[in-house]
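What follows is a short report on a single structure.
Every chain is numbered from 1, with letters handed out A, B, ... down the list of sequences. Below, each value reflects all heavy atoms present in this structure, side chains not excepted, and no hydrogens, waters or symmetry copies. Because the structure is predicted, anything quoted here is derived from the model rather than measured.
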Amino acid sequence: MPTQYTPADVEGRLYERWTSAGLFAADPARDPDAPAYTIVIPPPNVTGSLHMGHALDHSIQDTLVRRRRMQGYEALWLPGMDHAGIATQNVVERELKKDGLTRHDLGREAFQEQVWKWKAESGGRILGQMKRLGDSVDWSRERFTMDEGLSRAVLTIFKRLYDDGLIYRAERIINWCPRCLTALSDIEVEHADREGELVSIRYGSGDDTLVVATTRAETMLGDTAVAVHPEDERYKHLVGTEIELPLTGRTIPVVADEHVDPEFGTGAVKVTPAHDPNDFEIGQRHGLPSLVVLDEHAKVCAPGDFHGLDRYEARAAVVEALRAQGRIVKEVRPYEHSVGHCQRCQTVVEPRVSLQWFVKVAPLAKAAGDAVRDGRVQIQPPELSARYFAWVDNMHDWCISRQLWWGHRIPVWYGPEGEERCFGPDEEIPEGWTQDGDVLDTWFSSALWPFSTLGWPDDTPDLRRFYPTSVLVTGYDILFFWVARMMMFGLYAMDGVEPFKVIALHGMVRDQHGKKMSKSFGNVVDPLDWIDRYGADATRFTLLRGANPGGDVPVAEEWAQGSRNFVTKLWNATRFALMNGAHATGPLPEELSTTDAWILSRLQTVVTDVDRYIEGFDFAKACEAVYHFAWDEVCDWYLELSKVPLAEGGAAAEGTRRVLGEVFDRLLRLLHPIAPFVTEELWTALTGGETVVRAPWPVADPALADPAAEGVVASLQRLVTEVRRFRSDQGLKSGQRVSAALELDGSPLAAYEEQIRSLLRLTVPEGAFTATASLPVEGVVVKLDTVGAIDVAAERARLTKDLAAARKEVAQTSGKLANADFVAKAPEAVINKNRARLEAATADITRLEAQLAALPNG
RNA sequence: GGGGCUGUGGCGCAGUUGGUAGCGCGGCGAGCUUACACCUCGUAGGUCGUCGGUUCGAGUCCGGCCAGCCCCACCA
């Protein structure tokens, strides 16, 4: 075995072996007694490629699934992709544009074919990248939201919602993207503050004028009223009258509406029902007409001088024209306000009245909220529940129609007599009926993901065995987009059965300064680059190690190197064990040495801790626990201590070989869900087993807990550390052997004289000491021949400092114990702890004084 | 405008029901000791944003303030 582990040499080979052996395939009929464990992957966009966010998300899911699989669950991790309506259509349209074509040149059917062709050729790159990460998904169950089966699910639930009156078509004001030329739901709009200009305009003529303010002057062309507060004395006389609307030759009514804030601006508001959500509501309340003055490209479509101008050109032109008429009052002033942008292309969204399809969310959202409220679905970490409730309890109706060609077409047809009818997937469409041209929001089909992927609406064995799913793992950023909607549709479609038991939310991957990764900052890290250079295991470990519950995950090159080093360390440690004949077969030795008993005892604790941490979604702690056990305890102490019995041979060596094998067998299994590749490579080498993928998950054996052995080794560690410190302070070469006498009589450490000499590079004295340093530690005395004269002054200074600290400790602790209030009110455990502290400090004083006294005069 | 979060050694983070602070990286010093220099050994750095309160005792509970971040939102 080489001294360094080269991930690239093994990862591909192992993944291939796992999949061809079908190790990740779930089988609903395999063992009816085994509990099921299901995770459906948050389907990445078919246009997407693996980024750090996926890598984190998948590392978590893989860890959960691999552990359950080892525990004997029938574990299914179902992979798939989302058709990503707008995103994918944009990609393909861009391709067409290179040939000077638009989708309209092709027509709907040909365009769709083009998208499928694109998908076959260059979509789904991410699936191959998931293999690099080691994702143990069941590839035989891969799904796509546009699959035939999933499409049937979409049509089925649409019809059910339609028939239940939960889907309706209406003329409403919606968010319109003038570039994508489609409606958007509220959450597909991102708000950002933008510098704009607030223009104050005088409406009316003669004595009957008032001033309104707007940041979108061009919308005045579509004004159909001015609104004032009913109690506003300034305008009371105008309410109910008509007022002149400049530039248009129209007059509009002045209406009184509670919504107007008399304190803000002039207290008078222009009302454009067709292009502003507020104004739309005012319009509804007062029966005002909606006058659409901007077309789907956001160009002025109202007749007149401005016709055909883009909204921004029109804005300037309108202001200019008003200025010419002396209508602009005050100065036009800069004004920062929040502007909505299309999530997909960042174009400024234009609110527009149009005929769209909506889901009536109130009853669905209520059920989705209740499922969490009454504990049927648990949100992890629980603190994030508040955000969830805030959302589901205040949800507006969901605009689900998109004016796109890529997606599930709305299954509603219009008849010759103008009637409207929804047809289910298996119904025959009568002659002469035409289908609605819109498609559904991508999130509509993703909302069905937990059950549509399992065969719903059919009653399949998969659906029965694997629904509801066990846990949904995703970033908190997608709680509203996806999770809340899965809850709504899952509960609705599955008659109240929740789509998952636990929603485990993780944070966002960030750079080492906590900054969001983005191309513009230039701080994006490509997980595949890390996998190439450090390996999948190190990449996963880095992410999981930073994954504190609910927190964002900062990553940096150095962290990845540290993880890579850990993997190498594990590699070399196991290599050491193998070179020394470690094996994991047969019973453990009857008689365990104290160090063997100690490491086995520690192992039980770590097994328990790691299991508990993963169970609680605390991956950072799970990583830390294995990391420290493997490195600080197994490598730094146990391997070193084992060298003496291994060299000794005989029964001592044989016992150690068995224990070494036991420790690495369990450690590798414990680490496998987190770092699947290196553990597979090492575990199969160590045990000769087929694969660790389906090896049993380690369970702690309480009989192996040995506090006494842990105590002895702790003493040994303190002794060794103290002597090392002395050697280091005195400038003794660490490799240099030093003659020493150990007076260990009566100490439990007596049995470890050999190991102590080995760890400290001590030899047995052959003659008289030349210069001696005496170190009383842990009740034993170590006499070192220091070869040359030791630095007495430095040692004295150090001991004096320690002595002062010990005396301070004694003073503080004894003072505390003398405090009547403390003794009366503090719990006994705390008091005992302080007594122990006092005792230890007192012993330290005795020891240090003796050491000082033993120092040669110099 | 509403809601939430964070502020602990140089950097990034842990700190369960309150009991005198831990980890990784980095720093400094020493060293190729028969697994590993992607290593080993030793070591220096915090009084926990700030003010006040509760308590025998607070990083850990309560209140004010300062600083930063995020989400939601139809104030022209």
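- Contacts of A:Arg545 with the nucleic acid, taken as non-hydrogen atoms under 4.0 Å apart, involve only primed sugar atoms and P, OP1 or OP2.
- No contact: A:Val567 has no heavy atom under 4.0 Å from any strand.
- With a 6.0 Å cutoff to the six-membered ring centre and a 45° limit on the axis angle, A:Arg545 does not count as a cation-pi contact of A:Trp559.
- A distance of about 13 Å separates the C1' atoms of B:G7 and B:C13, rounded to the whole Å.
- Ranked by how close their nearest RNA chain B nucleotide is to the 5' end, A:Arg798 and A:Lys825 are led by A:Arg798.
- Only the P atoms considered, B:U34 is 27 Å distant from B:C28, to the nearest whole Å.
- When both pairing distances are held under 3.5 Å, B:G68 makes a Watson-Crick or G-U pair with B:C5.
- Residue A:Thr3 has its side chain nearest to B:C36 when only B:G19, B:A76, B:C36 are considered.
- Atom CG in A:Leu384 sits 11.5 Å away from atom NE2 in A:His506 (nearest 0.5 Å).
- A:Gln561 comes within 4.0 angstrom of nothing in the nucleic acid, heavy atoms only.
- Both A:Ala573 and A:Gln512 lie close to RNA chain B; mapped to their nearest nucleotides by heavy-atom distance, the more 5′-ward contact belongs to A:Gln512.
- Residue A:Glu624 contributes atom CD, which lies 13 Å from atom P of B:G22 at whole-angstrom precision.
- For A:Arg725, the side-chain atoms get nearest to B:G42 when compared with the rest of B:C13, B:U40, B:G42.
- A sub-4.0 Å separation between OP1 or OP2 of B:C36 and a side-chain N or O of A:Asn565 is absent.
- Note: CG (A:Leu384) to C1' (B:G4) measures 9 Å, nearest angstrom.
- As judged by a 4.0 angstrom heavy-atom cut-off over every strand, A:Asp279 is placed among residues making no nucleic acid contact.
- Side-chain proximity of A:Lys833 to B:A14, B:U20, B:G42: nearest is B:U20.
- Nucleotide B:A37: unpaired (no Watson-Crick or G-U wobble partner with both distances less than 3.5 Å).
- B:A30 and B:A37: their C1' atoms are spaced 14 Å apart (whole Å).
- Across the protein-nucleic acid pair, A:Asn580 atom CG and B:C36 atom P stand 12 Å apart, rounded to whole Å.
- Base pairing of B:G63 is made with B:C51, judged by Watson-Crick or G-U wobble geometry with both donor-acceptor distances under 3.5 Å.
- Among the nucleotides B:U20, B:A35, B:C39, the one closest to any side-chain atom of A:Phe576 is B:A35.
- With distances taken from any side-chain atom of A:Met579 to the nucleotides B:C23, B:A35, B:G24, the minimum falls on B:A35.
- Checking B:G42, B:A35, B:C56 against the side-chain heavy atoms of A:Asn572 singles out B:A35 as nearest.
- Residue A:Trp559 has no polar side-chain atom (N or O) positioned under 4.0 Å from OP1 or OP2 of B:C23.
- Across all strands shown, A:Arg724 has heavy atoms under 4.0 Å from sugar-phosphate atoms exclusively, and none from any base.
- Atom CZ in A:Arg510 sits about 10 Å away from atom P in B:C13, given to the nearest Å.
- For the pair A:Phe566 CZ and B:C36 P, the interatomic distance rounds to 18 Å; values are reported in whole Å.
- Taking the P atoms as reference points, B:G15 lies 29 Å from B:G53, given to the whole Å.
- Heavy atoms of other residues, nucleotides or ligands lying less than 6.0 angstrom from CD of A:Glu557 number more than 12.
- A donor and an acceptor atom never sit less than 3.5 Å apart when one is taken from the side chain of A:Gln730 and the other from the base of B:A30.
- Atoms CG (A:Asp477) and P (B:C5) sit 19 Å apart, rounded to a whole Å.
- B:A44 is unpaired under the Watson-Crick or G-U wobble criterion, no partner having all donor-acceptor distances under 3.5 Å.
- Nucleotide B:G45 is shown with a syn base, its glycosidic torsion being within 90° of 0.
- A distance of about 39 Å separates the C1' atoms of B:G27 and B:G64, rounded to the whole Å.
- The side chain of A:Phe822 lies closest to B:C56, out of B:A35, B:C56, B:U20.
- Between the side chains of A:His286 and A:Asp257, at least one donor N or O lies within less than 3.5 Å of an accepting N or O.
- Proximity of A:Lys569 to the phosphate of B:U40: a side-chain N or O atom is located under 4.0 Å from OP1 or OP2.
- Nucleotide B:U17 has no partner under the Watson-Crick or G-U criteria, as no pair reaches both atom distances under 3.5 Å.
- B:G9 and B:G45 are spaced 15 Å apart, taking the P atom of each and rounding to whole Å.
- Judged by Watson-Crick or G-U wobble contacts below 3.5 Å, the nucleotide B:G10 has B:C25 as its partner.
- Interface remark: the A:Gln812 side chain does form a donor-acceptor pair with the B:U20 base, using a distance-only criterion of under 3.5 Å.
- No engagement by A:Ala390 is indicated, since no non-hydrogen atom pair under 4.0 Å with the nucleic acid exists.
- With distances taken from any side-chain atom of A:Phe480 to the nucleotides B:C71, B:A76, B:G42, the minimum falls on B:C71.
- Across all strands shown, A:Lys621 has heavy atoms under 4.0 Å from sugar-phosphate atoms exclusively, and none from any base.
- Closest to the A:Pro827 side chain, of the nucleotides B:G19, B:G24, B:A76, is B:G19.
- One P atom belongs to B:G59, the other to B:G49, and the distance between them is 10 Å to the nearest Å.
- Across B:U20, B:C56, B:C75, the shortest atom-to-atom separation from the side chain of A:Asp261 is found for B:C75.
- Across all strands shown, A:Thr721 has heavy atoms under 4.0 Å from sugar-phosphate atoms exclusively, and none from any base.
- Donor-acceptor pairing under 3.5 Å is lacking for the side chains of A:Tyr534 and A:Asn565.
- Of the N and O atoms on the side chains of A:Gln755 and A:Ser758, not one donor lies less than 3.5 Å from an acceptor on the other residue.
- To the nearest 0.5 angstrom, A:His275 atom NE2 is 9.0 Å from A:Leu221 atom CG.
- The shortest distance between the side-chain N/O atoms of A:Asn819 and the OP1/OP2 oxygens of B:C56 is not below 4.0 Å.
- Comparing the same atom, P, in B:G4 and in B:C62 gives a spacing of 14 Å after rounding to whole Å.
- A donor atom on one side chain and an acceptor atom on the other are found under 3.5 Å apart for A:Asp223 and A:Thr272.
- The side-chain tip of A:Arg172 does not point at the ring of A:Phe280 from less than 6.0 angstrom away and within 45° of straight on.
- Atom CG in A:Asn834 sits about 12 Å away from atom C1' in B:C56, given to the nearest Å.
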Step-by-step ring-ring contact (aromatic ring centres under 6.0 Å, His included) determination, A:Phe619 to A:Tyr613: CA-CA 6 Å; A:Phe619 303 98; A:Tyr613 289 137; over 10 Å; no
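- When the P atom of B:G2 is taken as reference, atom NE2 of A:His191 falls 18 Å away, rounded to whole Å.
- Contact between the side-chain N/O atoms of A:Arg761 and the OP1/OP2 oxygens of B:C41 is not found at any separation under 4.0 Å.
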